Amino acid sequence: MGLLSLAIWVPIAFGAVLLALGRDEHARAVRWLALVGALLGLAVTVPLISGFDNGSAVAQFVEKTMWIERFNVHYHLGVDGIAFWFVPLTAFITVIVVIASWEAITERVNQYMGAFLILSGLMIGVFSALDGMLFYVFFEATLIPMYLIIGIWGGPNKIYAAFKFFLYTLLGSLLMLVAFIYLYNQSGGSFDIAAWHKLPLSATAQTLLFFAFFAAFAVKVPMWPVHTWLPDVHVEAPTGGSAVLAAIMLKLGAYGFLRFSLPIAPDASHEWAWLMIALSLVAVIYVGLVAMVQKDMKKLVAYSSVAHMGLVTLGFFIFNDVGVSGGLVQMIAHGFVSGAMFLCIGVLYDRVHSREIAAYGGVVNTMPKFAAFALLFSMANCGLPATAGFVGEWMVIIGAVKFDFWVGLGAASSLILGASYTLWMYKRVYLGPVTNDNVRGLVDINGREFLVLALLAIAVLYMGIYPKPFTDVMDASVADLLRHVAQSKLN
């Protein structure tokens, strides 16, 4: 079994064991088994990092075997520079979430931990799949464990939120399936994604395919105006669910644009780039303004995620290397920062059982260590230099200015708006005198919580100070993608 298969199936296997054998009376053993599974899943990604050839644009660590012979469907895996970092990122966030959920979940612990491990393997499968049908199976299968995580361990309106999440994401994906079937027929009966990239397609076909992919991936990102499911889901989801949703699941849609929309329908992508840029700028500016008036911390960070992902799609559709690479870097950085922001909210919620900003004030007086971590992550969310949040945003802004000054100016507003809503929340929650007895009785973070936040802090600072390992991996693949997109495929 290859490294990518191990990265996919090790966490899934541990998750299945937990679902089959775990019981609440053995919750302690279940938690440790889940942690072992998550750590093993992360460990098998380490050789990927050391063995990846930065100078190559082709897929590496390739595995291919026949899966469904009648329809020429293959179990075909591989990662290029575009997909590579999302494999270890997913495994890392899974470890973080397992540790962070150690005491927060007390009922059906085996099912909770099992769902997260299975979800981790499925998401890695999305980033690794080189066969269209295999991609679709992994892409849709991720909905099931997340639906259960929201619907079982969520808040008072969890059923509504879970149903909304499932319907929005499933309906868009059905059009993607239709597009895959069309490409299968056009390619002579192949689900090979690389073969689809080479197909000469008419302008009409490209346009229809572009919007079919848009329906699936824009909802997943989510782009404005199909973003309305995200705040509801974040508010109701448990802390671990929000962290994984923001850190990884949103990236599945953005990744889909690079893997399918741009290379398969390059002419349509150029023709409709103005629409993608406009929707992205609306997300950056309008949704950033919406975030400023939120009273619920989770809703504020959820709208912040929509705004930051707007920068990602903007970077992809300005068609220059700095912009596309910046969008990818922003995706990775957002994985660290947004996950950390939601976990910080979870720390407060576990103690006070409220996400309302007005329920806090002066937290720094009773939880100084925690407030220091929260300040670092807030600054990263603002795009402070030397943090992960700065690198991708700055690259996208530079790429946007090269594309068009006014587009660049709109993108740059993200730095101002991000600072406004993030620091305004930090001021009201953490600074000033203690405002109520709930805050007065708070106890600072314990060793487990310190470990979780410290690991994320190291990742945020390392990527901000030394982003070269992240950008070097993607350079060759991004350049190859842009060369491909620049060539007309009209038949």
Side-chain angles (χ1 to χ4, degrees), residues 52-60 78-86 127 130 183 192-201 203 206-207 209-210 213-214 217-218 221 223 251 253-281 309-333 391-405 407-408 411 467-491:
F52 191 84
D53 179 7
N54 292 348
S56 175
V58 301
Q60 300 178 46
V79 287
D80 60 4
I82 291 171
F84 172 76
W85 275 114
F86 298 106
F127 294 119
L130 297 179
L183 291 167
D192 185 1
I193 296 174
W196 290 354
H197 290 178
K198 300 173 184 177
L199 286 176
L201 301 168
Q206 286 196 40
T207 299
L209 288 169
F210 178 84
F213 292 139
F214 176 86
F217 302 138
V221 168
M223 296 181 68
K251 312 306 182 294
Y255 172 75
F257 281 123
L258 290 186
R259 186 59 72 216
F260 295 96
S261 302
L262 270 69
I264 293 175
D267 299 285
S269 296
H270 280 285
E271 182 181 355
W272 293 99
W274 66 269
L275 176 63
M276 300 297 294
I277 292 170
L279 294 179
S280 299
L281 289 177
M309 291 303 292
L311 281 176
V312 171
T313 51
L314 174 65
F316 291 169
F317 283 89
I318 55 180
F319 303 112
N320 60 52
D321 56 347
V322 180
V324 175
S325 295
L328 283 167
V329 172
Q330 174 72 355
M331 287 166 69
I332 300 165
V391 183
E393 289 193 35
W394 186 242
M395 291 175 70
V396 171
I397 292 169
I398 291 174
V401 170
K402 288 175 64 177
F403 176 80
D404 181 270
F405 172 79
V407 172
K468 192 173 185 294
F470 298 91
T471 56
D472 282 356
V473 164
M474 60 188 67
D475 284 347
S477 293
V478 168
D480 184 68
L481 172 67
L482 290 174
R483 281 194 299 269
H484 180 85
V485 174
Q487 299 172 358
S488 175
K489 290 174 62 182
L490 293 175
N491 62 6

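Model, not experiment: these values are computed from the prediction.
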Checking Met474 against Val324 for the side-chain contact (heavy atoms from CB on, under 4.5 Å) test, could you report, in this order, the C-alpha distance in whole Å, the side-chain angles of both residues, the deciding distance, and whether it holds? CA-CA 10 Å; Met474 60 188 67; Val324 175; over 6 Å; no
For the pair Leu201 and Leu183, evaluate side-chain contact (heavy atoms from CB on, under 4.5 Å) and give the outcome as yes or no after the intermediate values. CA-CA 10 Å; Leu201 301 168; Leu183 291 167; 4.3 Å; yes
What pair of heavy atoms forms the shortest contact from Pro266 to Gln206, and how long is it? N-OE1, 3.3 Å
Does a side-chain heavy-atom distance below 4.5 Å link Arg483 with Asp480? yes
Taking the side chain as every heavy atom from C-beta outward, state whether Lys251 and Ile332 have any atom pair closer than 4.5 Å. no
Specify the closest pair of heavy atoms between Phe316 and Leu328, including all atoms of both residues, with the distance to one decimal. CE2-N, 3.9 Å
Any non-hydrogen side-chain atom of Val221 less than 4.5 Å from a side-chain atom of Val312? no
Going by atom types only, do Thr471 and Ser325 share a side-chain donor-acceptor pair under 3.5 Å? no
Using modelled atom types and a 3.5 Å cut-off, is there a donor and acceptor pairing between side-chain atoms of Ser269 and backbone atoms of Pro263? no
Residue pair Leu281 / Leu314, side-chain heavy-atom distance below 4.5 Å: yes
Could you label the plane-to-plane angle of the Phe127 and Phe86 rings as parallel, tilted or perpendicular, counting under 30° as parallel and over 60° as perpendicular? parallel
Should the ring pair Phe217 and Phe257 be called parallel, tilted or perpendicular, given that the plane angle runs from 0 to 90° and is split at 30 and 60? perpendicular
How close do Ala83 and Arg259 get, counting heavy atoms only, and between which atoms? CB-NH2, 3.9 Å
Let me confirm one number: the CZ-CD1 distance from Phe213 to Ile264, rounded to the nearest 0.5 Å. 4.5 Å
Heavy-atom closest contact (Ser477 atom, Asp80 atom, distance): OG-CB, 3.6 Å
Is there a side-chain contact between Trp85 and Met331 (heavy atoms, below 4.5 Å)? no
Sidechain N-carboxylate O distance under 4.0 Å for Lys198, Asp192: no
Should the ring pair Phe260 and Trp196 be called parallel, tilted or perpendicular, given that the plane angle runs from 0 to 90° and is split at 30 and 60? tilted
So do Ile277 and Asp404 actually touch side chain to side chain, heavy atoms under 4.5 Å? no
Look only at the side chain of Gln330 and the backbone of Leu311, and say whether a donor-acceptor pair between them is shorter than 3.5 Å. no
Full working for side-chain contact (heavy atoms from CB on, under 4.5 Å) between Asp321 and Lys402: CA-CA 11 Å; Asp321 56 347; Lys402 288 175 64 177; 4.1 Å; yes
I need the minimum non-hydrogen distance between Met223 and Leu279, along with the two atoms involved. CE-CB, 3.8 Å
Does the plane of the ring in Phe319 sit parallel, tilted or perpendicular to the ring in Phe317? Use 30° and 60° as the thresholds. perpendicular
Compare every heavy atom of Met309 with every heavy atom of Ala254, then report the nearest pair and how far apart it is. CB-CE, 3.9 Å
Distance, nearest 0.5 Å, that separates CG of Leu482 from CG of Leu262: 8.0 Å
